[in-house]
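Numbered from 1 within each chain, the chains take letters A, B, ... in sequence-line order.
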Protein chains: 2
Amino acid sequence: MHLPAVPVSQSPEDKFREYLASRSRPQRYTEQQRDMVRYIFSQHNHFDADQLTEDMRRAGFRVSRATVYRTLTKLVDAGLLRCLETGPRKYYEHDYGYPQHEHMQCQVCGKMIEFQNTSIEAILREVCRTHQFQATSHTFIIQGTCAECNQARVPKRRLDLI
Amino acid sequence: MHLPAVPVSQSPEDKFREYLASRSRPQRYTEQQRDMVRYIFSQHNHFDADQLTEDMRRAGFRVSRATVYRTLTKLVDAGLLRCLETGPRKYYEHDYGYPQHEHMQCQVCGKMIEFQNTSIEAILREVCRTHQFQATSHTFIIQGTCAECNQARVPKRRLDLI
DNA sequence: ATTCTTGCAAAGCCTTTGCAACTGC
DNA sequence: GCAGTTGCAAAGGCTTTGCAAGAAT
């Protein structure tokens, strides 16, 4: 479920190093951070901190929960990841090199479906103008049932009717 | 910050009693639940469980945290309240007798500003049709700074420059 | 009388943090 | 070697829950 990528000049890794170096107090680029950046950008998932920890461990990396949490915060701050706060936990997705989009979330299988809609930006501008509101971000998530989960249900209902 | 109310035939209290009675196992209408329904619908706030508990206590009611949590769940299920899950805690607002709307949330003062936009429903329908997605609800929240908090900042900046 | 609700405190879930050991620069 | 990072385990913030006592029908 990809949208077309946005061309960028730097690799995510280089962009992160640049971010770390440009701090008023320069931060360090460690092995675990490097592993995380590479792992995250080798996939295209929506994930939370614990999923990432487990997945990376299964893939043979040595990562600690605390460092995953700390590094995810930095990656958001660096503009590499975007954080979706919908419900009790935080989900992350690519931001660097990836276009603006919205989400549909299937409440059966949990899948996140991305979509783009050109009218939304106009709505944002208009609403903010009329309310003199200075927007910094927005969250648009449609909850429901995805096509596959919907199909999987219909046969079940039919059987129930017999 | 009200939107025009939607006319309804029953009082929130009656609607809740009806909901409780119509369960396959009828549930009971207790004093604390009655106090909560009346208190909540005598105001027009966005609130979370702990805010409500404190406010009601200050107003002289005897309510326990656990019961507030349990009753809020029932009120959502009964269609009286809507739950906004944005971030770590759950916010509640009137649903019964109140029109569909979206939110702007000020990250400085926390205020929730409600707005309506007629194009959003069309977008929802179109996106769901193209993805064969069965929507049950949606969340549209614009984060940023409200007009008042924005104004309060400008004078401060000017002073900083002296 | 029966069954649901209440209230307390404990547990759960996710995230953050204090601190000693460690490591990048 | 200095200053930032790591990892553990503990603490934090919010919500849910087990259970005995209490209340609604």
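Comparing Arg25(B) and Arg70(B) against DNA chain C, the residue whose closest nucleotide sits nearer the 5' end is Arg25(B).
Rounding to whole angstrom units, OH of residue Tyr69(B) and C1' of dA9(C) are separated by 15 Å. Between the P atom of dG13(D) and the OH atom of Tyr91(B) lies a distance of 14 Å, rounded to the nearest Å. If you take CG of Asp48(B) and P of dT16(D), they are 12 Å apart, rounded to a whole angstrom. Rounded to an integer number of Å, the gap from CE of Met56(B) to C1' of dT6(C) is 14 Å. Atom OH of Tyr19(A) and atom P of dG4(D) are 13 Å apart (whole Å). We find that CZ of Phe61(B) is positioned 14 Å from P of dG7(C), with the value rounded to whole Å. Remark: P of dG13(D) and NZ of Lys90(A) are 14 Å apart, rounded to the nearest angstrom. Rounded to whole Å, atom P of dC25(C) lies 11 Å from atom CD of Glu31(A).
Residue Gln27(B) has its side chain nearest to dT5(C) when only dT16(D), dC25(C), dT5(C) are considered. Minimum atom distance to the side chain of Arg28(A) is reached by dT23(C), of the listed dG7(C), dT15(D), dT23(C). Nearest to the side-chain atoms of Arg62(A) among the listed nucleotides dG7(D), dT16(C), dT15(D) stands dG7(D). The side chain of Thr67(A) sits closest to dG7(D) out of dT15(C), dG7(D), dG7(C).
An OP1 or OP2 oxygen of dG4(D) is reached within less than 4.0 angstrom by no side-chain nitrogen or oxygen of Thr30(A).
Side chain of Gln116(B) to backbone of Gln100(B): a donor-acceptor contact under 3.5 angstrom is found. Checked by atom type and distance alone, the side chain of Gln33(A) pairs as donor or acceptor with a backbone atom of Thr30(A) at under 3.5 Å. For the pair His46(B) (side chain) and Leu84(B) (backbone), a donor-acceptor distance under 3.5 Å is absent.
Contacts between residues 32-43 of chain A and DNA chain C, counted as heavy-atom distances below 4.0 Å, involve no residue at all.
Residues Thr86(A) and Glu85(B) have side chains that never bring a donor and an acceptor to within less than 3.5 angstrom of each other.
Checked against the 6.0 Å centroid threshold, His103(B) and Phe115(B) do not count as a close aromatic pair.
Through side-chain heavy atoms spaced under 4.5 Å, either directly or across other Ile, Leu, Val, Met, Phe, Trp or Tyr residues, Ile40(A) is tied to Val8(A), Phe16(A), Tyr19(A), Leu20(A), Tyr29(A), Met36(A), Val37(A), Tyr39(A), Phe41(A), Phe47(A), Leu52(A), Met56(A), Phe61(A), Val63(A), Val68(A), Leu72(A), Leu75(A), Val76(A), Leu80(A), Leu81(A), Tyr92(A), Tyr96(A).
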Note to self: Set out, in order, the CA-CA distance, both residues' side-chain angles and the distance that settles side chain to side chain donor-acceptor pair (under 3.5 Å) for His2(A) and Tyr98(A), then state yes or no.
What the structure shows: CA-CA 9 Å; His2(A) 278 247; Tyr98(A) 206 71; 4.8 Å; no
